Novice: 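Okay, handing you the structure first.
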Amino acid sequence: MKLTLKDGKIIEFSEKLTAGDAAKSISEGLYRNALCVRVDGQLKDLSYTLDKDCVFEVVTFDDEDGKAVYRHTTAHVLAQAVKSIYPTVKLAIGPSIENGFYYDFDFVSKLGTEDLEKIEAEMNKIIKANLPIERSVLSKKEAAKAFKEFGEDYKLELVNDLPDGSEVTVYKQGDFVEMCRGPHLPSTGKIKAFKLVSLAGAYWKGSEKNKMLTRIYGTAFLKKADLDEYLTALEEAKRRDHNKLGRELGIFMTDENIGQGLPLLMPKGAKILQILQRFVEDEEEKRGYLLTKTPLMAKNNLYKISGHWYHYKDKMFILGNEETDDEVFALRPMTCPFQYSIYNNGLKSYRDLPKRYAETATLFRNEASGEMHGLIRVRQFTLSDGHIICTPEQLEPEFKGVMDLIYFLLRSMGLTEGVSFRFSKYDPNDKEKYINDPVAWERSQAILKSIIDNMGIEYEEAVGEAAFYGPKLDIQYKNVHGKEDTIITVQIDFALAEKFGMSYIDENGEKKLPYIIHRSSIGCYERTLAMLIEKYAGALPLWMCPEHARVMSLTDRTIEKVKELQLRLNAAGIRTAIDVRNEKIGYKIREGQMEKIPYMLVIGDKEAESGVVSVRSRNDGDLGVMTVEEFIALAGKKISERDCK
RNA sequence: GCUGAUGUGGCUCAGUCGGUAGAGCAGUUCACUCGUAAUGAACAGGUCGGGGGUCCGAUUCCCCCCAUCAGCUCCA
């Protein structure tokens, strides 16, 4: 029997043996770290019997699969511990996830955070006992019978969902049995460092129609030091959290009397958004967009035509009552039908196309109360919204134009690293959410796919993430908690033009339906700001800082000079504030540093006399003295170039 | 909306096993006029998230709201 190793080396064995023994004989060191193996690319337990030629690979914790197996086994230990402390609990599922694992339980009584320690103690007992983990195979029937006996309703449901005649693998450790595809570590004692991190609710099978179970999150590492490092990194990440940092820096606040999801942008935050908005609107104008300004509300008729009323009525802020009022209004949740109405004003020829409409749109969406999060999910927000109405031939170049604008903006903000692309498609089985026109869906998805493939964009496909009227290309960004959000989206709409009676006259004098691209350029300003705060830990690139420089007096003798310099810098396009309080310079510097002011300029008697300034950068510390002209050149260049370093 | 947690001066937090609260920072005033991440002193600042209930008495116990955080679900 020949085993082909990863490096191409071939090892021969005279008789069959377990994967663990094979690994052991190949390399003592590697074996010590082997968690499981890959046989012909398939993950197997160390107890797996090798009986024919194969490609053989040892899987360690350095391997993503190895981490997953290690953590998955920890999840089993968690389940065993919970089961032994709370015998009435019912088990659901417990997979490994990025950076850890979770397990869902159905508890009879409530579980509190303080119970986690008790569970950890029990887990430690199980690990110390070093119970062997044994795999066996049951028929569907046998498994169903066993889980029914144990009263494991959720496991039973999972078994019953399997096709008839299929086999079920179960893993046994001590008196604890768990249905699982595996593989697993050979024994519970292999787990060295773990921690239960948090407690949360989660719906059975991910559907809110089902019962909410109790989910316990945890993580596990090979070494205690690695676990500690991971937990410290989590704490570090929280320090960058825009929701904390943004409030500390005076960028935004909330007020319980104003309401959930309604952040107030304070002077600094408002200034940043103004800077970004001017930048985006100017850039859009350069690229042939026409600015519109449309109402913040409309009669519900409008949303009935678009279909939004039927899809999203319960997420709209409605003014009036359909039963009793002649007219019912709703705050706008999107801009599309307003710009379509503008398009429809006057007959359009193919010569008029493409029409590129853009608007910095205030939108309102009544998000569920538990969804709100800082500046990322809010009920009122500002979207750089826009619609391009074009002929079929113009669709691809226009889409490319949109992507070019988006790249330009992302680059200007230094956000190109860390974004990923998602091709969001419809779900053919979801007749509720999507317009029922499979032919149009397939056609428009094929068009979008061909465009983005031609552009060489790497993306993930996501079924069931499309808008109800068409497929999307979403630009995704991860926040400090690792949660991914869409920051920008570009959509192809095959449905709404017809609903709104939009048309153009083609070369042959025939009336045609245009294509529509729904697009954002910088996304939702509030959310983009949140991502910027987290990316730069509050120290935003100079060009978008509300305060570029702060001039500080060393003593009261130089206050007048400080004020003069402020005027001069402001005139040169450098947003400048002053600090002439009667405080020590170290104190003023410390404050400026904590507020992440890019440049702090100090004027004492020496500078005042020779007409220079002492410059300190928030990143590089004291830069020494320079003339005012030199400073203006230095800062001015970085501002105009939108230097993000 | 659901699960769990949290809510005490502008901020960070302590405290009260039921007898109307305390610190540090920030603020104000005074002194110091100072050289690149905190000068010193004094003063001022709180309906203990809101509303009900129990009690002689509630910030503390109970109920209902509101807001905040993590997760689930949702996201045109």
Side-chain angles (χ1 to χ4, degrees), chain A residues 102 104 107 110-116 197-217 238 241 243-244 247-248 250 253-262 303 306-316 332-337 363 365-374 376-377 383 385 433 465-470 472 474 481 483 485-486 489 491 493 496 518 524 552-559 582-595 600-607 614-618 621-625:
Chain A
Y102 67 78
D104 287 348
F107 278 89
K110 278 191 179 175
L111 194 73
T113 322
E114 63 282 359
D115 297 316
L116 292 183
V197 179
S198 62
L199 202 57
Y203 298 106
W204 168 237
K205 289 184 172 172
S207 167
E208 62 180 332
K209 293 190 181 82
N210 293 335
K211 185 168 184 188
M212 177 155 277
L213 308 174
T214 304
R215 175 171 295 179
I216 298 176
Y217 282 95
K238 278 186 196 151
D241 188 340
N243 205 5
K244 191 165 160 38
R247 291 170 199 266
E248 279 170 9
M253 58 172 277
T254 49
D255 185 307
E256 60 176 316
N257 292 317
I258 289 169
Q260 245 195 327
L262 297 170
Y303 311 114
S306 66
H308 287 93
W309 187 257
Y310 307 106
H311 284 273
Y312 298 104
K313 187 181 160 188
D314 56 334
K315 289 284 180 74
M316 284 161 77
R332 66 169 176 193
M334 32 70 212
T335 330
C336 335
L363 304 179
R365 293 180 187 179
N366 194 0
E367 305 283 6
S369 61
E371 302 299 343
M372 256 65 77
H373 173 68
I376 289 181
R377 270 302 269 290
L383 184 71
D385 208 354
K433 186 173 170 183
E465 292 289 344
F468 74 85
Y469 46 70
K472 309 192 284 179
D474 294 320
H481 300 289
K483 188 167 174 169
D485 264 303
T486 301
T489 174
Q491 311 165 356
D493 174 355
L496 297 188
H518 297 235
C524 158
M552 301 167 176
S553 54
L554 187 70
T555 68
D556 290 352
R557 289 189 297 277
T558 55
I559 289 179
N582 179 12
E583 295 288 354
K584 288 196 166 176
I585 197 64
Y587 182 86
K588 296 183 187 181
I589 295 279
R590 178 182 147 83
E591 229 167 61
Q593 199 71 42
M594 288 197 303
E595 286 179 53
M600 286 160 274
L601 311 183
V602 177
I603 299 189
D605 290 332
K606 278 188 279 177
E607 289 82 3
S614 172
V615 180
R616 182 190 167 96
S617 135
R618 67 181 172 194
D622 197 345
L623 302 181
V625 291

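First the proteins, then the strands, lettered A, B, ... as listed; each starts at 1. Remember, it's a predicted structure, so these values are computed and weren't measured experimentally. All values below were derived from every heavy atom in this structure, side-chain atoms included, with hydrogens, water molecules and symmetry-related copies excluded.
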Novice: With a 4.0 Å cut-off on heavy atoms, is A/G370 in touch with a base, just the backbone sugar-phosphate, or nothing at all?
Specialist: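 Base, at least one base atom sits under 4.0 Å.
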Novice: Does OP1 or OP2 of B/G71 have a side-chain N or O of A/H373 closer than 4.0 Å?
Specialist: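 So the side chain of A/H373 is outside the cut-off, no N or O lying under 4.0 Å from OP1 or OP2 of B/G71.
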Novice: Please tabulate, one pair per line, each protein N/O and nucleotide N/O from nucleotides 23-27 of chain B that are separated by under 3.5 Å, including the distance.
Specialist:
from	atom 1	to	atom 2	distance (Å)
B/A26	OP1	A/Y587	OH	3.0
B/G27	OP1	A/R581	NH1	3.4

Novice: Does a side-chain N or O of A/K483 approach OP1 or OP2 of B/A70 to a distance below 4.0 Å, or not?
Specialist: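 For B/A70, neither OP1 nor OP2 has a side-chain N or O of A/K483 closer than 4.0 Å.
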Novice: Base, sugar-phosphate, or nothing: which does A/S369 touch, judged by heavy atoms less than 4.0 Å apart?
Specialist: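 The answer is base, as A/S369 lies within the cut-off (heavy atoms under 4.0 Å) of a base atom.
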Novice: Just N and O in the side chain of A/Q260: are any of them under 4.0 Å from OP1 or OP2 of B/C66?
Specialist: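 It does not, given that no N or O in the side chain of A/Q260 lies less than 4.0 Å from OP1 or OP2 of B/C66.
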Novice: Report yes if a donor N or O on one partner sits less than 3.5 Å from an acceptor N or O on the other, where the partners are the side chain of A/Y217 and the base of B/G4; otherwise report no.
Specialist: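 Between B/G4 and A/Y217, which were checked side chain against base, a qualifying N/O pair under 3.5 Å is absent.
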Novice: How is A/I585 classified with respect to the nucleic acid when contacts are heavy atoms under 4.0 Å: base, sugar-phosphate, or nothing?
Specialist: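 Sugar-phosphate: the residue A/I585, judged by heavy atoms under 4.0 Å, touches backbone atoms but no base.
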Novice: Using the P atom on both, measure B/U33 against B/U20 and round to a whole Å.
Specialist: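 Approximately 46 Å lies between the P atom of B/U33 and that of B/U20.
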Novice: Have a look at A/K244 and say if it touches a base, only the backbone sugar-phosphate, or nothing, with a 4.0 Å heavy-atom cut-off.
Specialist: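 Since no nucleic acid heavy atom lies under 4.0 Å of A/K244, the category is nothing.
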Novice: Under 4.0 Å, heavy atoms only, any strand: does A/R377 hit a base, just the sugar-phosphate, or nothing?
Specialist: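 The residue A/R377 makes base contact.
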Novice: Which part of the nucleic acid, if any, lies within reach of A/K209 when heavy atoms closer than 4.0 Å are counted: base, sugar-phosphate only, or nothing?
Specialist: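 It contacts nothing in the nucleic acid.
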Novice: Describe the nucleic acid contact of A/A368 in one word from base, sugar-phosphate, nothing, applying a heavy-atom distance below 4.0 Å.
Specialist: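 Touches a base.
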Novice: Answer yes or no as to whether B/A76 has its base stacked against A/Y312, where stacking requires a ring-centre separation under 5.5 angstrom and planes under 30 degrees apart.
Specialist: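 It does: the ring sits over the base of B/A76.
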Novice: With pairs taken as Watson-Crick or G-U wobble and both distances under 3.5 angstrom, which stems of at least three consecutive pairs involve RNA chain B?
Specialist: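 Output for stems: B:1-7 with B:66-72, B:10-13 with B:22-25, B:27-31 with B:39-43, B:49-53 with B:61-65.
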